[in-house]
Number of protein chains: 2
Amino acid sequence: MGSFAEDTINGSELIHPPILTQVLGRSLGAGGQLGVKRIDLRPQQRLVRAPAHDRQVLMVGEGVLSLDALPGKGQRQILDFLMAGDVIPLSAIQFLPTISVRALTKATLVCTGDQDEDECNLRDMRNSRDQLQSQLQRAHLQQLLVGHMDAEARVASFVFAFALRVGADAQTRSSLELPMSRDDMADYLAMNRDTLSRVMMRFETQLLIARLNRHAIRVLNFEGLRQLSPVASLIAAILGRHEKSGATA
Amino acid sequence: MGSFAEDTINGSELIHPPILTQVLGRSLGAGGQLGVKRIDLRPQQRLVRAPAHDRQVLMVGEGVLSLDALPGKGQRQILDFLMAGDVIPLSAIQFLPTISVRALTKATLVCTGDQDEDECNLRDMRNSRDQLQSQLQRAHLQQLLVGHMDAEARVASFVFAFALRVGADAQTRSSLELPMSRDDMADYLAMNRDTLSRVMMRFETQLLIARLNRHAIRVLNFEGLRQLSPVASLIAAILGRHEKSGATA
DNA sequence: CGGCCCGTTGAGGCAAGTCAATCCACGTGG
DNA sequence: CCACGTGGATTGACTTGCCTCAACGGGCCG
């Protein structure tokens, strides 16, 4: 097998020799799999040469990734963050060289659905369709964010949404991991790194959040954040009630 | 059957008695359909009470619709324009009351996939998955537009993309129908109606386009528009090569 | 012919971007 | 253990593109 991943060093990309790629065989729950590949990624490593087969499904096992669009000229727009259970939108990166997937943390991907027979394919397909719908909803949400909200509301919405996404309830006072850099966050919210920093600082002086370290905050006033986000109810509707049955028993 | 549509009058919405809703029976190509409903919409009419059944597929027969997000407070973001062959993203509007579908022109929708048996469902499912992927790609494109491009580039990209979407080649010098109002266009591009107007005027003085009437322009300099759009190649990749086989023979 | 809606134009202000300097956390080596 | 280097993060001063608001124009329909 060739390599599926590459590192990036400030935009210039180095192709690496084969990465730890294990074939797990018929071990996962859904029977009849011909083979389930695993791909491990280090932080900042990019996924390249995605499996070309149309029916394959590439899913995030653990870690956090970002879906980057790089329309050249030093610009970057992060289209989505991908977390455990999310499906990599192969259609987006397959023939669009300006869009790629990057690992923010150490991450593992699992690849299923090799066989071209149908039957149990239906389950895979339904699952991937649901995943596509979720991603479309998140994209819509982000269109709203970037389209009609100011910097403060965007950041509040993002923190609110991310907290919901990693499963924190409104009660949860524990720390919230933000595995992406400030630049990543800014590029996702389509704003300037400086502006983002200002807003975060303002939130801290308002005692809405507390910064634990570079990659973790504590949400002190969840309700306050919610009120700063005009689309909080939408976010809750989209991200709130995902009772997923993780099939990998 | 109840009504599926309602009119809107400047935001306040009037529910209407049943609209022309025909049951076409087993007439379409893919055999075994239990029934294919048709829904006719007048301009500015909204789709409400979308078919609740999960496996149904609601598709645009003719006309142009918009997917609106209305997060209250007089704000509006148009998430996407839907044209013949596009599938209505039911997942988006089903339980999110702030998102709805509106007809820009006289439009007809067709509703397929009633049966809960699989088999031929696979074809529907694959088709709707492809549609979802297209919509996701368009959403990504729009995130790029709104995120990292100024007003001029946004408008140029929009005209360029819309021309490709309705099937115009670079050579086509014919008129380009823009069935949406200036407000619609502005709300899609996440910019001000005034700013949009200014940009359009500038394009006209630069002889890039010519305004035929309120809802149609002629593209005089396709190449010039392309060069004004930093994501022109992406747009072409996403919208260019759709050789769809319209199954409704 | 008059009203209305949509679209265009102009003047002015502000939120956010830009650029540059500084600060801080963190790892490294003396 | 501390000085140092490095890259990310914060802050400040300045600039600007777009939004706001208000007035105007021009088709379209009664």
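The shown structure was predicted, so the numbers you read here are calculated from the model rather than taken from an experiment. Side chains are part of it too, since the values below use all heavy atoms of this structure and drop only hydrogens, waters and symmetry mates. Letters A, B, ... are given to chains in the order of the sequence lines, protein chains preceding strands, and every chain is numbered from 1.
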Item to complete: Verify the neighbour count for atom CZ of B/R165: are there more than 12 heavy atoms of other residues, nucleotides or ligands below 6.0 Å?
Response: yes
Rounded to whole Å, how long is the line connecting atom [atom1] of [X] with atom [atom2] of [N]?
X      : N      : atom1 : atom2 : answer
A/R202 : C/dA16 : CZ    : P     : 8 Å
A/H148 : D/dT20 : NE2   : P     : 10 Å
A/E204 : D/dA9  : CD    : C1'   : 12 Å
A/L189 : C/dG17 : CG    : C1'   : 15 Å
A/H215 : D/dG7  : NE2   : P     : 15 Å
A/R193 : C/dT22 : CZ    : P     : 17 Å
A/L196 : D/dG8  : CG    : C1'   : 13 Å

Could you tell me whether the phosphate oxygens of [N], OP1 or OP2, come under 4.0 Å of any side-chain nitrogen or oxygen in [X]?
X      : N      : result
B/S181 : C/dC6  : no
A/T195 : C/dG17 : yes
B/N192 : D/dT20 : yes

Worksheet item: Reckon A/M200 touches a base, only the sugar-phosphate, or nothing at all at heavy-atom distances under 4.0 Å?
Response: nothing
Worksheet item: Hey, does A/R211 reach any base, or is it just sugar-phosphate, or nothing, if we go heavy atoms under 4.0 Å?
Response: sugar-phosphate
Are [X] and [Y] close enough that some pair of their side-chain heavy atoms sits under 4.5 Å apart?
X      : Y      : value
A/V219 : A/L225 : yes
A/V166 : A/M83  : yes
A/C111 : A/I39  : no

Worksheet item: Between the side chain of B/Q143 and the main-chain N/O of A/L79, is any donor-acceptor distance below 3.5 Å?
Response: yes
Worksheet entry | Polar pair under 3.5 Å, donor/acceptor by atom type, side chain A/D194, base C/dC19 | yes
Discussion item. Can you say whether a donor on the side chain of A/R198 sits under 3.5 Å from an acceptor on the base of C/dT18, or the other way round?
Written reply: yes
Worksheet item: Choosing from C/dA16, D/dA9, C/dT8, which nucleotide comes nearest the side chain of B/S197?
Response: C/dT8
Worksheet entry | From C/dG17, D/dG26, C/dT8, nucleotide with atom closest to B/R214 side chain | D/dG26
